[in-house]
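One structure is given below, encoded as structure tokens.
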Amino acid sequence: MSEIAEQKVFSPPEEFKKNANVKSEEVYEEGKDYIKFWEKRAEEMIEWFKKWDKVLEVDEPYYKWFINGKLNASYNCLDRWIEKGKGDKIAYIWEGEDGEVRKYTYKQLYEEVNKFANALKSMGVKKGDIVSIYLPMIPELPIAMLACARIGAPHSVVFAGFSAEAFRQRVEDAGSKYVITCDGYYRRGKVLDHKSKTDSGIEGLDIKKVIVVKRAGNEINMKEGRDVWWHELMKDQPAECEPEEMDAEDLLFLMYTSGTTGKPKGVMHTTGGYMVGVATTMKWVFDVKEDDVYWCTADIGWITGHSYIVYGPLANGITSIIYEGAPDYPNKDRWWEIIEKYKVTILYTAPTAIRLAMKWGEEWIEKHDLSSLRLLGSVGEPINPEAWLWYYKVIGKERCPIVDTWWMTETGMHIIAPLPGVTKLKPGSATFPFPGIQAEVRDENGVCKPGEKGDLVITTPWPSMLRGLYNAHEKYVEEYWSKYGFGKFFTGDGAIIDEDGYFWLLGRLGDVLNVAGHRLGTAEVESALVSHEAVAESAVVGVPDEIKGQVPFAYVVLKQGFEPSEELKKELIKHVSTVIGPTARPADILFVEDLPKTRSGKIMRRILRNIAEGKEEVGDVTTLRNPEIVEDIKKAMTERKL
Ligand code: WTA
């Protein structure tokens with residue numbers, strides 16, 4: 001804790017405070033009656049076709065919000081701004097990696113969304129059908145999502161960087177009959193063939209239609225009768241499509257995320273509560289105003305992009321940037337160039353990107369005028385105080401508050417985050433639960449004392465909480481509600497609350513890694529490894545990495561007849577990349593004879609984690625069935641380093 005105690009406290013700059021959307025701590029007081037608090041936000045932030053009868057209904061461990069309320073998410077993102085006379089305001093400025101720029105006003109975005117909504121209907125998509133979207137960072141991605149929302153077809157967006165196999169798993173689990181993809185896209189100047197990947201992902205599945213956006217113009221195969229070009233489909237569609245009246249509790253989307261098993265889980269978010277939660281946090285935490293130019297650098301394929309590139313910003317009627325490509329293409333100052341060019345006022349990014357920029361050096365930043373910035377955000381993993389201070393000084397020039405926002409796919413919206421006009425910041429702390437939310441740090445013995453490490457638990461329901469896992473009731477109960485019981489949402493993150501009540505997040509506990517802000521189950525990597533013919537068994541642990549926070553490290557036991565070699569190691573790393581995606585690639589593999597196991601056969605990952613981190617003390621080995629293996633593995637590890 002000494003490191004924490006030494007930190008300075010940063011108060012909101014006077015100017016910032018004066019103009020902030022939230023100026024007073026009273027909101028925390030108001031939030032204590034959370035039902036009333038969220039009801040007020042629902043009235044303020046969202047337009048409803050029909051008002052709810054009741055704010056919250058609890059049937060543990062399921063929670064419903066805004067009972068019988070009717071609304072449409074796309075209406076709240078588009079129509080209402082046009083009705084308010086803001087049709088000519090820019091909604092999105094999209095910049096392709098190749099320098100192409102497209103701007104969409106709210107009116108233009110509305111028209112594209114309406115046309116595509118009609119296009120989906122013409123393909124046979126109906127309310128309730130889940131549509132799988134496998135698109136990179138191009139404008140058609142938010143357009144497709146909003147079109148789905150408009151007609152009441154839940155979307156399931158799969159990150160374009162995921163492998164064919166990962167895509168397949170998610171399409172299959174969601175039971176999608178419709179897929180939206182593209183020909184190819186740019187990454188570091190090269191065209192990645194996306195259509196072949198899509199095709200191999202859905203091979204053998206019962207898919208009715210595949211809609212293909214033409215982005216890169218690369219040569220692809222179109223399957224007769226199944227595949228349709230986006231631009232051809234859009235040609236004669238009317239630019240008006242009545243928004244479907246959705247119930248507050250109708251499914252808005254599925255977002256697959258990593259859990260403790262090898263299989264990803266389909267997190268369910270519904271319409272009313274989700275919209276209230278993201279619209280409110282967008283306004284309060286990012287302090288967005290009419291003239292802001294906001295840029296979130298995440299990919300829309302993750303929850304951060306769903307909540308804070310698509311639904312949050314549009315539900316506040318603001319202007320956002322979407323950038324297609326890599327931060328270092330053509331040069332390492334691409335991001336800073338974009339900020340200068342569009343006079344970005346709010347930047348929301350991840351610690352891994354900040355650490356990378358630190359490594360690349362300040363000369364890339366000094367070339368650009370970043371004086372338009374007024375607020376900085378961070379998300380995805382704990383931000384170390386060193387990176388926080390660098391972000392504050394070098395990017396924010398000591399003028400911009402930093403909002404470190406802790407949340408997760410399951411929470412839908414920020415849970416622990418500062419209010420930039422109110423909260424005194426401590427570098428490295430996400431500060432306090434958002435008004436209307438209560439959280440605690442505890443263990444089996446109860447609530448922890450200040451300074452003690454425990455599990456982060458959310459103790460009040462919140463409107464954009466997940467409504468379950470798709471077709472996996474038991475898993476839902478087990479993952480979130482079994483450790484501390486109903487009413488105490490187990491996040492899976494470790495945390496400490498200090499003497500002043502600040503929350504310090506310590507990252508994931510146990511079986512989930514956080515690689516450059518991306519969640520990855522150790523079990524997913526393990527099951528990818530054992531799907532290779534040479535592998536009998538494997539154990540994957542996370543090891544610290546200066547830039548990415550954590551990277552997977554794999555222990556592999558080979559089958560009879562296979563010998564360890566550098567080639568095999570490379571092949572296995574490549575195999576994981578093919579099965580899951582490049583983020584999942586093990587940083588290294590150690591071939592071992594056996595894994596340390598308890599008498600009941602459970603792999604002791606804690607020991608393996610300590611060995612991988614090079615610790616002398618690896619922990620208690622007395623409960624092991626095969627304690628002798630620990631010394632062998634330690635030896636193999638040392639020899640490997642020589
Ligand atoms: C981690 C991303 C510390 C955390 C929005 C959580 C963070 C996981 C922070 C969720 C933060 C996210 N400080 N850790 N500000 N934000 N995390 O579902 O471990 O992709 O459990 O959602 O990211 O990752 P997910």
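Sequential numbering from 1 along the given sequence is applied to the chain's residues.
At least one donor-acceptor pair closer than 3.5 Å links the side chain of Thr411 to the backbone N or O of Met408. In this structure a side-chain-to-backbone donor-acceptor pair under 3.5 Å is missing from Asn331 to Asp333. For the pair Arg519 (side chain) and Ser258 (backbone), a donor-acceptor distance under 3.5 Å is present. When atom types are taken as modelled, the side chain of Ser176 and the backbone of Ile130 share a donor-acceptor pair closer than 3.5 angstrom.
Counting heavy atoms from C-beta outward, Leu568 and His532 have side chains that approach closer than 4.5 Å. The closest side-chain heavy-atom distance from Ile211 to Thr181 is not below 4.5 Å. Contact annotation: the side chain of Val557 never approaches that of Glu593 to less than 4.5 Å [non-hydrogen atoms, C-beta and beyond]. Considering only heavy atoms from C-beta on, Val556 stays 4.5 Å or farther from Phe562 through its side chain. Counting heavy atoms from C-beta on, the side chains of Tyr274 and Val278 come closer than 4.5 Å. Contact check for Glu324 versus Arg187: no side-chain heavy atoms found under the 4.5 Å cut-off.
Below 30°, between 30° and 60°, or above 60°: for Tyr134 and Phe167 the angle between ring planes is below 30°, a parallel geometry. Ring planes of Tyr348 and His414: perpendicular class, angle over 60° (limits at 30 and 60°).
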Q: Verify ring-ring contact (aromatic ring centres under 6.0 Å, His included) between Trp295 and Trp335, making sure each step is shown before the conclusion.
A: CA-CA 10 Å; Trp295 183 22; Trp335 278 17; 5.6 Å; yes
Q: I would like to know whether Tyr308 and Thr281 meet side chain to side chain donor-acceptor pair (under 3.5 Å); could you show each step before the answer?
A: CA-CA 9 Å; Tyr308 298 110; Thr281 45; 2.7 Å; yes
Q: Take Thr409 and Tyr256 through the test side chain to side chain donor-acceptor pair (under 3.5 Å) and record every step on the way to the result.
A: CA-CA 9 Å; Thr409 303; Tyr256 282 86; over 6 Å; no
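Cation-pi check for Arg170 over Phe162 is met; the charged atom lies under 6.0 angstrom from the ring centroid and within 45 degrees of its normal.
Remark: Trp462 engages Phe489 in a ring-ring contact (aromatic ring centres under 6.0 Å, His included) (not counting sequence neighbours). For Glu526, the salt bridge (charged side-chain N to carboxylate O under 4.0 Å, His left out) partners at least two apart in sequence or on another chain are Arg605.
Counting heavy-atom neighbours within 6.0 Å of Glu546 CD, excluding the residue itself, gives a total of 12 or less.
The shortest heavy-atom contact between Pro154 and Leu251 is CG-O, 3.6 Å.
Ser196 and Asp199 share no donor-acceptor pair across their side chains, judged by distance under 3.5 Å alone. No side-chain donor from either of Thr352 and His518 sits under 3.5 Å from a side-chain acceptor of the other.
The line from CD1 of Ile138 to CD of Glu140 is 4.5 Å long, rounded to the nearest 0.5 Å.
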